[in-house]
Amino acid sequence: MIDLDLVRREPEKVKENLGRRQVPQYLELFATVQAADNQWRRLHQEGDRLRKRRNELSRALGEARKKGEDAKELSEEAQGLPDKLTEVERLERTSQETRDRTLMRVPNLLETSVPYGKDDRDNATVATWGEVPKPSFPLLSHGELAEKLGIADFDRARRASGAGFFYLEGALAQLDLALQRFALDLILAKGFRLVAPPLMLRRAPYEGVTDLSDFENVMYKIEGDDLYLIATAEHPLGALHLGDLLEEEDLPIRLTAATPCFRREIGGHGVDQKGVFRVHQFQKVEQFVFCRPEDSDRIHEELRANAEDIFQKLRVPYRVVNVCTGDIGTVAAKKYDIEAYFAKQGAYREVVSCSNCTDYQARRLGIRMGKRGKPGKVVPHTLNSTAVATSRAMAVILENYQNADGTVTVPEVLRPYMGGVERIAPPALRPKAETVATGDAS
RNA sequence: GCUGAGGUAGCCUAGCCCGGUAAGGCGCCGGCCUUGAAAGCCGGUGGGGCAACCCCUCGGGAGUUCAAAUCUCCCCCUCAGCGCCA
């Protein structure tokens, strides 16, 4: 939620910023907020006058009664007040609710360095790393390859849970865990604190960390309870400090978590034909930071560098894009995507999303900043970034690391997490050598 | 799920039975004192419309009343015990 004070003091600036997103509806929302706020202020003043009179009369009546005096005139005026006041207060509340509800739908203000544009074609590439591979044999898609290797079962997953789910088996299940352990070790070495958060959240905190429209489109709701399955660890990590007063000297607070993520993605892109690229459930290691406003730009770069570090160590070529004004989500003020190069697809695809949410989430969550127990007016900033989403990382590794003989080389940095194995081999080519993983118990 | 106890400002607590300006402590800020500090003493320290001044705030809502932290009803949440359970 953006600062209401800013809406009042610098409406033109806010309007200009919202306009950069090129969604006319946002300007309409903004106009609604302004109108409702003006109305509320008028009604609030009128209510104040009536409440003041009520207090005066109450006090006078109390006095008179104590002294045993006759206060018929006062009493008559007092009796007429509540009806008037009730009506004014009803209108007051209505306009306030309209204002606040609408304000919740107004997106975050964008940083000036966000490139202007309409959709993902206007995202600006700000960095590239690694050499794009030139395969010397026909590549398989990661889904086909995983099936041939006998390390994933999409058909049975569909039978059990529907499209968009998968069974990982043997070496691929191990690769999934290896990626998480590798990423966690790397992030923890940079001073983050490991958190195992709840995988379900109530609606109220959830409204603090996400776009309201996500509830219908993205979130899985638990029937019979006020609970939603998390779509990313970003959400419970943000909600960790719901309503808290953060000590300024404790900031920045750097958190990481490895959790499953659950996404319906209805009305969005849907689910890919076969594979793990776009699915309803996947594992992700996340970075999350609460910090002082003046530090968030620097820490945004830090989170991005951490994520880049992971893909460099995995030796996966990628590029970094600065997501443009028309493509960025409602919560972020600035967002980098890291897009890995997928050898079979011959294209860069998103594997990391790294956002500076400035004060937008923290204000919705009721988080404040203070010095030595004294609450201040300043709202801290929040940032989040993927470290690794294993579904996407597994897909790119399978595509890029496949060999002509049908095996897949295990990236070097992951081998310590997979018992030292170097290759994943299909059942037919599965030798007894202990350097080749099958994922079966040895 | 059942029973009980609770939810008061950044934190802790009183007030509730018996309706009439939300008291006190801690912490924090300022002042006095001091070579400096601590202690002690004095003052300040929730939010909103804001210029004054006023209004609001006791988990949320509804009701009774001229007037509700206080009385009535509904709901939410937390804790404890019991039950169930990996």
Side-chain angles (χ1 to χ4, degrees), chain A residues 1-11 33-101 103-104 196 198-208 221-228 236 239-251 253 260 290 292 359 362-380:
Chain A
M1 180 167 62
I2 63 171
D3 189 358
L4 181 60
D5 218 39
L6 204 61
V7 173
R8 287 171 180 161
R9 279 201 328 271
E10 307 192 72
V33 170
Q34 276 191 307
D37 185 46
N38 287 332
Q39 195 181 19
W40 173 79
R41 280 197 281 184
R42 271 200 313 279
L43 290 162
H44 184 66
Q45 279 173 19
E46 196 182 333
D48 270 4
R49 275 198 302 277
L50 290 169
R51 281 182 288 264
K52 182 188 176 189
R53 187 60 190 149
R54 179 189 62 190
N55 291 344
E56 285 170 353
L57 289 170
S58 277
R59 239 165 286 158
L61 272 167
E63 288 287 314
R65 194 152 299 182
K66 212 184 285 175
K67 289 180 193 159
E69 290 169 1
D70 179 52
K72 198 161 170 236
E73 246 175 72
L74 288 177
S75 182
E76 271 168 19
E77 186 184 349
Q79 272 167 29
L81 259 179
D83 284 347
K84 256 188 266 178
L85 188 57
T86 303
E87 177 60 8
V88 170
E89 283 183 338
R90 191 182 63 79
L91 294 170
E92 201 179 329
R93 204 166 38 243
T94 304
S95 53
Q96 186 180 357
E97 275 165 10
T98 303
R99 180 192 72 190
D100 294 346
R101 195 164 13 88
L103 190 61
M104 284 288 273
L199 304 180
M200 302 178 204
L201 289 181
R202 290 184 179 140
R203 179 153 184 136
Y206 229 120
E207 286 181 347
K221 167 100 176 75
I222 303 297
E223 191 178 340
D225 283 290
D226 175 28
L227 288 171
Y228 294 81
L240 172 65
H241 285 301
L242 175 72
D244 275 350
L245 178 68
L246 300 181
E247 280 296 332
E248 195 174 327
E249 59 184 36
D250 293 342
L251 300 176
I253 297 171
F290 298 93
R292 299 184 303 180
D359 59 1
R363 183 172 292 107
R364 290 164 79 114
L365 289 165
I367 301 173
R368 290 166 300 168
M369 227 168 79
K371 262 189 191 164
R372 276 166 298 188
K374 195 186 169 190
K377 292 241 178 200
V378 182
V379 177

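Since the structure is predicted, the reported quantities are computational estimates derived from the model, not experimental observations. Convention: sequence-line order gives letters A, B, ...; per-chain numbering from 1.
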_Roughly how many Å apart are G31(B) and G24(B), using the P atom of each and rounding to a whole number?_
23 Å
Practice prompt. Can you tell me, in whole Å, how much space there is between the C1' of A80(B) and that of C18(B)?
Written response: 30 Å
Per-residue pairing states of RNA chain B in dot-bracket (Watson-Crick or G-U under 3.5 Å; . unpaired, | other strand) read (((((((..(((.......[...)))((((((.......))))))((((...))))..(((((..]....))))))))))))....
Residue set satisfying salt bridge (charged side-chain N to carboxylate O under 4.0 Å, His left out) with Arg203(A), at least two apart, ordered chain then number -> Glu207(A)
Taking atom P in both C16(B) and U72(B), what distance in whole Å separates the two?
-> 14 Å
Taken to the nearest whole Å, CG/Leu242(A) to P/G10(B) is 15 Å
### Heavy-atom side-chain contact between Asp37(A) and Val7(A) under 4.5 Å
no
Considering only atom P, compute the distance from U8(B) to G61(B) and round it to an integer number of Å. 16 Å
Taken to the nearest whole Å, CZ/Arg203(A) to P/C76(B) is 17 Å
Report each atom pair, protein N/O against N/O of nucleotides 56-60 of chain B, whose distance is under 3.5 angstrom.
from, atom 1, to, atom 2, distance (Å)
C56(B), OP1, Arg54(A), NH2, 2.9
C56(B), OP2, Asn55(A), ND2, 3.1

Leu201(A) atom CG is separated from C77(B) atom P, nearest whole Å, by 15 Å
Is there side-chain contact between Leu227(A) and Arg202(A), with heavy atoms separated by less than 4.5 Å?
yes
**Request:** Take atom P in U65(B) and the same atom in G19(B), then report the distance between them in whole Å.
**Result:** 16 Å
Separation of G47(B) atom P from Asp5(A) atom CG, nearest Å, is 13 Å
State, yes or no, whether a side-chain contact exists between Met200(A) and Asp225(A) at a heavy-atom distance under 4.5 Å. no
Interatomic distance, CG@Leu246(A) vs CE@Met369(A), rounded to 0.5 Å, equals 8.5 Å
For A14(B) versus A67(B), give the span between their C1' atoms, rounded off to a whole number of Å.
23 Å
Asp100(A) CG to G48(B) P, in whole Å, measures 13 Å
Of the listed G48(B), G10(B), C50(B), the closest approach to the Arg41(A) side chain comes from C50(B)
### Task
Write down the distance separating the P atoms in A22(B) and A9(B), rounded off to the nearest Å.
15 Å
dist Glu97(A):CD -> Arg99(A):CZ (nearest 0.5 Å) comes out at 10.5 Å
Rounded to whole Å, the CD-P distance (Gln96(A) to G47(B)) equals 16 Å
Remember a base hit wins even if backbone is also touched, and classify Arg202(A) as base, sugar-phosphate or nothing at under 4.0 Å, heavy atoms. sugar-phosphate
Could you give the distance separating G20(B) and G15(B) at their C1' atoms, to the nearest angstrom?
14 Å
Comparing nearest nucleotides in RNA chain B, the 5'-proximal residue of the pair Asp226(A), Gln45(A) is Gln45(A)
The side-chain hydrogen bond (donor to acceptor under 3.5 Å, both in side chains) partners of Arg364(A) (sequence neighbours excluded) come to Tyr360(A)
Whole-Å distance, Leu43(A) CG to G48(B) P, equals 19 Å
When rounded to whole Å, the CZ to P distance for the pair Arg42(A) and C54(B) reads 24 Å
Contacts of Phe290(A) meeting ring-ring contact (aromatic ring centres under 6.0 Å, His included) (sequence neighbours excluded), chain-then-number -> His241(A), Phe288(A)
Show every donor-acceptor pair shorter than 3.5 Å between a side-chain atom in residues 39-46 of chain A and any protein atom, with sequence neighbours excluded, or say none if there are none.
from, atom 1, to, atom 2, distance (Å)
Arg41(A), NH2, Asn38(A), OD1, 3.3
His44(A), ND1, Glu92(A), OE2, 2.9

* Below 4.5 Å, heavy atoms only, C-beta onward: do Leu103(A) and Ile2(A) meet side chain to side chain? -> yes
TODO: Classify the nucleic acid contact of Arg49(A) as base, sugar-phosphate or nothing, counting any heavy atom under 4.0 Å across all strands shown.
DONE: nothing
